[in-house]
2 protein chains.
Amino acid sequence: MKLSGLGEDALVARWTRNPPRHAALRVGPGDDCAAVGGPRDTVWTLLKTDAVVEGVHFTPDADFTRVGWKALARAVSDIAAMGGEPEHALVTVAFPPALELAKADALYAGLRRCARKFGISLAGGETTRSPGPVFVSVALTGRVERARCALRSGGKPGDVLFVTGRLGGSLAGKHLDFTPRVREARWLVAHFRLHAMMDLSDGLGADLPRLARASGCGFELRGPLPCAPGCSQTQALGDGEDFELLFAVSPRQAARVERAWPFARLPLTRVGILTANQRSTTLHGFDHFA
Amino acid sequence: MKLSGLGEDALVARWTRNPPRHAALRVGPGDDCAAVGGPRDTVWTLLKTDAVVEGVHFTPDADFTRVGWKALARAVSDIAAMGGEPEHALVTVAFPPALELAKADALYAGLRRCARKFGISLAGGETTRSPGPVFVSVALTGRVERARCALRSGGKPGDVLFVTGRLGGSLAGKHLDFTPRVREARWLVAHFRLHAMMDLSDGLGADLPRLARASGCGFELRGPLPCAPGCSQTQALGDGEDFELLFAVSPRQAARVERAWPFARLPLTRVGILTANQRSTTLHGFDHFA
């Protein structure tokens with residue numbers, strides 16, 4: 001059988017079943033980041049890796065400065081989704097030897113711009129040759145207070161689901177220029193008891209079922225979804241690469257979050273609820289191997 | 001200009017000049033690992049990423065279990081080179097959708113085998129599509145007592161240079177099956193004041209000049225080198241992927257290390273000295289972009 005015969009989620013589940021665990025691993029595979037720390041530590045270290053591949057996440061004629069930004073910003077978004085602050089990045093790149101030096105330089109300029117914006121070290125990495133496409137893999141560490149760490153798995157039936165921002169249409173440019181929601185996530189975890197949170201990388205249609213499944217819940221979408229200009233509801237659900245936050249809070253906290261939300265330029269929208277019934281409708285999102 | 005017009009070391013120097021730094025970064029780009037920790041921490045966290053690429057580090061018909069082992073073991077070797085213990089790994093893989101599931105499964109089996117052998121978590125990662133070769137990028141954390149952390153940069157003129165094991169001929173199989181020298185490195189840093197250490201990934205001919213340069217020294221090789229069976233001195237110098245330790249100690253410590261060395265099955269060999277004259281002969285090692 002080929003990989004394309006199974007879905008991305010089934011493959012990941014297959015490869016992360018019963019993984020080797022070190023005693024200090026607090027959160028393992030299946031969430032936006034791993035979290036590690038000793039049993040008495042009040043601050044945990046978050047660990048994330050991510051990758052962008054030429055021909056999959058960007059085209060060969062893309063502006064490589066924006067590709068560099070994207071490569072790091074994707075991982076920053078995952079640190080934000082746990083309620084954390086990013087700290088140190090390591091960048092592994094495979095370049096074809098015939099690549100123009102100016103393009104490689106631009107990639108690193110974009111990585112630096114993102115690192116400076118979020119106060120992140122470019123602490124190291126590896127450079128190697130690629131016989132094909134450009135491949136950029138980022139490893140990022142972060143920190144989060146244990147009491148504020150937001151997982152995917154804490155949602156409860158009746159919880160209200162929110163998304164930040166406007167969804168869909170990312171391919172028109174946002175997928176290369178988005179701002180990870182670190183500031184908003186830090187504000188949320190500092191002021192509210194979030195039951196669950198994740199970032200939207202494959203589209204609400206793929207990611208909401210993941211959050212619900214991790215929480216042992218079903219869900220009901222209650223539209224309309226907040227759409228990017230010119231986008232349909234279908235695009236908002238399925239386009240992917242929004243890098244907005246999806247989170248679940250109790251109905252009581254939900255009203256407080258809405259009243260206190262201080263980010264005037266970033267909409268906050270109720271998009272549904274978690275339910276006790278796990279047989280939710282399947283939604284359409286992005287699958288890398290389909 | 002193309003990347004192939006510059007050497008690997010020149011490219012890395014170009015891209016890591018004056019990098020963004022977080023306050024907790026203790027050791028940045030240019031060593032085997034990055035090290036982070038607060039100013040009063042007695043234990044530092046080590047961070048490493050590395051990658052293997054189909055067609056560069058392994059052939060499409062390779063045993064993917066051994067490729068998985070190699071992908072993680074390379075990074076483990078870098079943690080060892082700092083004197084540390086590996087802790088948590090994250091694995092990012094880009095697979096072509098037409099890849100046989102059995103091969104991908106084998107890759108993860110090899111990763112697990114290496115993780116179990118060294119007590120490492122497989123804490124997470126990312127799986128994505130490749131339009132070409134298989135890419136495997138590993139991010140690994142480790143820990144090292146600050147006082148035992150071994151850098152490349154502390155070598156002094158007159159220091160004795162040692163290598164562990166036998167060099168050369170790795171392509172015959174060792175490059176997929178090597179054992180990272182964690183045990184030996186931990187013993188060394190626990191009992192001796194090493195001035196400098198690194199692991200041999202591109203061959204002594206490429207790596208010794210890096211250690212010498214980082215230490216502001218030159219070097220003299222004093223052969224013969226310890227050769228793998230059937231290998232010439234040239235191969236021992238240039239084949240690469242030995243994943244043995246290269247370290248520098250004072251002449252007084254050198255004699256003590258030799259007397260106390262408890263690993264009867266692993267040779268320990270003096271291969272030269274560091275010198276004050278930085279105009280050393282250039283040696284031949286592996287360059288990814290040449």
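This one's a predicted model, so the numbers in the text were calculated from it and none came from an experiment. Reminder, nothing fancy here: chain letters follow the sequence lines and each chain counts from 1.
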Handout entry: Interface moiety of A:Thr141 toward chain B, non-hydrogen atoms closer than 4.5 Å
Key =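 Looking at A:Thr141, just its side chain touches chain B.
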
Practice task
Check each atom of A:Ala24 against the heavy atoms of chain B and say whether the ones under 4.5 Å are side chain, backbone, both or neither.
Solution key: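 Both backbone and side chain.
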
Of all the heavy-atom pairs spanning [X] and [Y], show the shortest one and how long it is.
X: B:Ala94; Y: A:Phe135; answer: CB-CE1, 3.8 Å
X: B:Glu100; Y: A:Met1; answer: OE1-O, 3.2 Å
X: B:Arg112; Y: A:Thr16; answer: NH2-C, 3.9 Å
X: A:Ala139; Y: B:Ala139; answer: CB-CB, 3.5 Å

Practice task
State, yes or no, whether a side-chain contact exists between B:Leu25 and A:His88 at a heavy-atom distance under 4.5 Å.
Solution key: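 Counting from C-beta outward, B:Leu25 and A:His88 do come under 4.5 Å.
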
Handout entry: Residue part contacting chain A, namely of B:Asp105, when any heavy atom lies under 4.5 Å
Key =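 For B:Asp105, backbone and side chain are both near chain A.
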
Problem - Part of B:Leu122 lying under 4.5 Å from any heavy atom of chain A - result: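 Contact with chain A: backbone and side chain both.
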
Handout entry: Sole candidate of B:Val56, B:Val53, B:Leu3 that passes side chain to side chain contact (heavy atoms under 4.5 Å, CB included) when paired with A:Arg129
Key =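 Only one option passes, and that is B:Val56.
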
Practice task
Look only at the side chain of A:Ser121 and the backbone of B:Arg21, and say whether a donor-acceptor pair between them is shorter than 3.5 Å.
Solution key: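 Side chain of A:Ser121 to backbone of B:Arg21, a donor-acceptor pair under 3.5 Å: no, none is there.
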
Exercise for the section: Would you mind telling me which of B:Pro131, B:Ala51, B:Ala23 has the largest number of heavy-atom pairs within less than 4.5 Å of chain A? Expected result: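 Winner by heavy-atom pair count: B:Pro131.
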
